[in-house]
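One structure below.
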Amino acid sequence: MAGRGSVWSDPKVKELSREFTPATDESFRLQTSDDRQAQFFRTMVHGDPKKVSGSRQGTYICTPGGRLLARGNSTDPRAIERIMAGGLQAWNALSPEERARPVPPSLLPEHRYEHFYPSEGLALLAVHRERVPDEPNSFRGMNLDHAWFSKEEIDGWWQTFRGAADEATRGVISSARIPVPAPLVDRWVRLHLVDNVRGQEGPFAPEDVERAEVTARVLESTGDRVRIAIEGRTRVETDGVWKMGESSWKNFPPSPRGVEVRLIGTAIYDRREARFVEFQLVALGESWGSGKLNGRGGREEGVRTPLAWRFSLIPPGAPDRVPPAFVDMYDVPWIEVSTAK
Amino acid sequence: MRFRRPASLMAPLLLLVSSLLVPLALVPLVGCGALGSTPVESAADGTPLLEGRSVSDWSARLEPDQKSLEWRSIPWHPTYHEGAIAASEAGKPLLLWLMNGHPLGCT
């Protein structure tokens, strides 16, 4: 995460990156998956397709055809600059035929979670931040994530407040708070309201959920558009014991931790388009404990850190299809789980 | 068979319940720093507030500053193979940045 600020914000590195086609990806999948693409990557780097342990995070310079020219990992921009310069020098020394070697079919993936992006449903970009102690309106740190909901899930949610929306069309605004379908709330509580501000933390299990109250209230209905308010409170706490079966996430250090939030949101559902055309949700809360891999390892027992999360709509057609961190824990029929992770 | 309370008992019961609810309704529904039992409050137009601020207000405050998003100004392709295909078309070497957890998401 540190490389975002130290390396890839560096003016010299950014300038040098123009000599390349830049791409990013998730390294754990490439080093541990059985997928054809992951095996190709390991063969390119190690000359052998077998899975590798440890970390393969870092910067790689390679040809489109799959020849490695340089690699390394550092948060020092000058070190990455040297790797990039070395890779560029190696590229320039290649024959035109080698540089033009096409992308081999074995570099193409068999399974990617991006393939299950809910184009017709609801896709949200999440910003995770930490509130500055004693300055509750100031924030520091930043991580990103994504939250996905299928069209069928959103259709189901719409049906829960459709009656109130019809009433609102006739001018009758009810103050009734209508529970958001439990599976959607459960996903938010266990897999998205997680303390990932300083780095990845593990997900929570269904047994860890102590409070998951999220409701919708119709504010107005005009034409095809129904405006709703979202309100809720959630609390989740784990003893650190892994409870969700086989998963790479089970290897997070087993430590007690929890998150408690209050949340509000507003959204506009379009009846004709059968989707949310506006959506923003904010959660304020606290986390305690740590799986120790998220930069909270030194936090003393009982100390709580104030946090905030913001979820906003990814517009239809936007290029951002990066899957949620815990997409493999969604446990829904519309996402085929890879055997790799 | 569903039990129904006799009507004669309903009126005093409703009176008792409403007498308890009215003072509660007068308590200002203002958010608190600690996560107490106070529900979220609402603005005059019914939109919810948290610690006295609207979703839009909080949303703007939570926007990361440009400096912390500088790394996103590099036109990253979001996957290894999309980058390789684009590099092939551009006739350039591929610069691949890998992290545990996607660099463009939760890393």
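Below, read A as the first sequence line, B as the second, and so on, with proteins coming before strands; counting in each chain starts at 1.
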Task: Contact list for residues 86-107 of chain B, test side chain to side chain donor-acceptor pair (under 3.5 Å), sequence neighbours left out - done: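 The answer is S27(A)-N100(B).
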Task: side chain to side chain donor-acceptor pair (under 3.5 Å) partners of residues 137-146 of chain A, not counting sequence neighbours, each pair once - done: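 Matches after skipping sequence neighbours: R4(A)-N143(A), E130(A)-R140(A), E135(A)-S138(A), N137(A)-R53(B), H146(A)-D320(A).
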I need the residue from [options] with the largest number of non-hydrogen atom pairs under 4.5 Å to chain B.
options	answer
G58(A), G199(A), A229(A)	G58(A)
T24(A), L125(A), L219(A)	T24(A)
P22(A), P64(A), S9(A), G141(A)	P22(A)
R217(A), R101(A), E220(A)	R217(A)

- [ ] Determine the interplanar angle of the F139(A) and W58(B) rings, folded into 0 to 90°, and report it as parallel if under 30°, tilted if 30 to 60°, perpendicular if over 60°.
- [x] perpendicular
Proximal component of [X], with respect to chain B [non-hydrogen, under 4.5 Å]:
X	value
L30(A)	side chain
R67(A)	neither
L88(A)	side chain

For the residue pair [X] and [Y], establish whether any side-chain heavy-atom pair is separated by less than 4.5 Å.
X	Y	result
L144(A)	L104(B)	no
I61(A)	L95(B)	yes
F40(A)	Y80(B)	yes

Open item on the list: Is S73(B) close to chain A through its backbone or its side chain, or both, or neither, when contacts mean heavy atoms under 4.5 Å?
Closed with: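 The answer is the side chain of S73(B).
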Open item on the list: Heavy-atom pairs under 4.5 Å with chain A: which of P64(B), A90(B), G83(B) has the most?
Closed with: P64(B)
Task: Crowding at CD, Q89(A) (>12 non-hydrogen neighbours, <6.0 Å) - done: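 Counting neighbours around CD of Q89(A), 12 or fewer heavy atoms of other residues, nucleotides or ligands fall under 6.0 Å, so no.
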- [ ] State whether the side chain of R112(A) and the backbone N or O of T79(B) hold a donor-acceptor pair below 3.5 Å, judged by distance alone.
- [x]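 Checking the backbone N and O of T79(B) against the side chain of R112(A), no donor-acceptor pair under 3.5 Å is found.
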TODO: Could you grab the distance from atom NE2 of H81(B) to atom CG of L108(A), nearest 0.5 Å is fine?
DONE: 7.0 Å
